[in-house]
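Notes to accompany the following structure.
Proteins get letters first, then strands, A, B, ... in listed order; numbering begins at 1 in each.
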Amino acid sequence: MFDKITPRSEDYSKWYTQVIRQAEMADYAPVRGCMVVRPYGYALWENVKEQLDVRFKATGHQNAAFPLFIPMSFIEKEAEHVEGFKPELAVVTHGGGKKLEEPLVVRPTSETIIGYMYSQWIQSYRDLPVLINQWANVVRWELRPRLFLRTMEFFWQEGHTAHATHEEAVEETLRILDIYTDFAVNEAAIPVIPGRKSESEKFPGALTSYTIEAMMGDKRALQAGTSHDLGQNFSKVFDIQFLDANQKQQHCWTTSWGVSTRMIGAIIMTHGDDQGLVLPPRLAPTQLVIVPIVPKNSEEARQVVTQTVNAISETLGDIRYHVDDRYEYSPGWRFNEWELKGVPLRIEIGPRDIENEQVVFARRDIPGKEGKSFIPIADVAETATQMLDTIQSDMLKRASEFRDANTFEPTDYDSFKEIVEEGFARAWWCGNETCEDKVKEETQATIRCIPTEQPDSDGACIVCGTKAEEITIFARAY
RNA sequence: CGGGGCGUAGCGCAGCCCGGCUAGCGCGUCUGCUUUGGGAGCAGAAGGUCGGAGGUUCGAAUCCUCUCGCCCCGACCA
């Protein structure tokens, strides 16, 4: 049933896979590169979905569903888009036993088919903006899959909007980036850096791509969400036009944005430790687990424990709790199981506690004795609610400190090259692609983003030394 | 596609180099008894087309040929 988990320091990648499988988040499917999201992993994903969905709806978006299949010719319409996605397409050539007239692409993303529909739905400036999101699965033929981070089929939300002006589209793109940042920081307890992608890293077909970048436990970067200003690139090839108030035909300005099941991977790698998962209380499927401890030879003691557990449970209100009364497993076994699964808070209740009218609280984010405390039975509900909040904010604090401690500001290229192996490098960049390529070639690090927040001053490019206007985050990425 | 590793019980592995009795071990499962405050103990039991095909041989998990699949590391990527 259980194996000792490989410590992160020994082999981070092994640790990651073992945690996912042993905590029953996901399993490998019989098809290469595909995964099965198991109930525990899916419950976490549902909480992610819910929190994002609430935010989308609060900003006027509606959900809809578009087809899984896209005519090949659609993908080929936008030059950069084809070039970017062609290598990773899954293509259906046969259907119903016959060769198809035109091959169908299994959607890798839906700008094209949604753009096609928008061209039919939008006639007038009065139809704008169109603000639609879809929760869907998409397929990209990845060469090197990794559970949650990069699977051939993955689940995500993709928002697609159309606007009358570029200003509005930019505003929308940045509004979503704010939503993603807010979600990552306040729900997932992941500190992220919002910013702009470089030309070479942007979405194929976009004018500008924005991203939130996070640092994982092995100090590598992970793109946790993206929001794209598509300009008029898609509206021109799909003919999404409207008549403005001055009776002039104009092309729409469109955006697209997405967060995927990769977010689960980000949560695992930001917070997990050598005991397993550590889930942020706000997203954890189970926030609190109660582990009753009973002696088998005393029916009476057993009943007292059960009654106390029941009484406490009734006071817990909105807390997502679970009582683990599998007495066939020893208490130690159950403790370890819930630690592996990352449940933020555990309550232990045995006869000894009941005598003292108290219970034991154990915080998942502080392993061992330091995370344990005795709480009077009467105060359980109130303390649990407070402690979950504390755990949530402590997790964010810890992750932020870790990131900051591993973010460096090198001043010359030699130290930059060393430092970028060890974490994030914040450095000036002249904006020139040759400098970007040189870094990539010599260090494997890429430009993760040009942060939205910039200092007032100018500087010298870390690579070529010429005048640079923007501070840039370089790092090795997933 | 290049480099590496692995397919033997539900899971993890040994056996293979050097062919030979009935294919082992650990975990899990089932039964019984004892246990329960950090992954319980004892006793018993069930569980196998050795990834697939072909070949060599009196005899193949083991040797040869072909084949399928998966994992890890690189190039591509949310």
Pick base, sugar-phosphate or nothing for A/V291, based on heavy-atom distances below 4.0 Å to the nucleic acid. nothing

Closest-nucleotide mapping onto RNA chain B: is A/I349 or A/T261 further toward the 5' terminus? I mean the 5' end. A/I349

Reckon A/K372 touches a base, only the sugar-phosphate, or nothing at all at heavy-atom distances under 4.0 Å? base

Does the plane of the ring in A/F203 sit parallel, tilted or perpendicular to the ring in A/H81? Use 30° and 60° as the thresholds. tilted

Under 4.0 Å, counting only non-hydrogen atoms across every strand here, what does A/Y327 touch: a base, just sugar-phosphate, or nothing? base

Rounded to whole angstrom, note down the C1' distance from B/U62 over to B/G20. 11 Å

Base of B/A78 and ring of A/F154 stacked, centres under 5.5 Å, planes under 30°: yes

What nucleic acid atoms does A/Q223 come within less than 4.0 Å of, heavy atoms only: base, sugar-phosphate, or nothing? sugar-phosphate

Residue whose closest nucleotide on RNA chain B lies nearer the 5' end, A/R262 versus A/R144: A/R144

Does A/K341 count as lying over the ring of A/Y40, i.e. NZ or CZ under 6.0 Å from the six-ring centre, within 45 degrees of the axis? yes

Have a look at A/T151 and say if it touches a base, only the backbone sugar-phosphate, or nothing, with a 4.0 Å heavy-atom cut-off. base

For A/R140, report the nucleic acid contact type (base, sugar-phosphate, nothing); a contact means any heavy atom under 4.0 Å. base

Sugar-phosphate only, base, or nothing, as touched by A/L222 at under 4.0 Å among non-hydrogen atoms: nothing

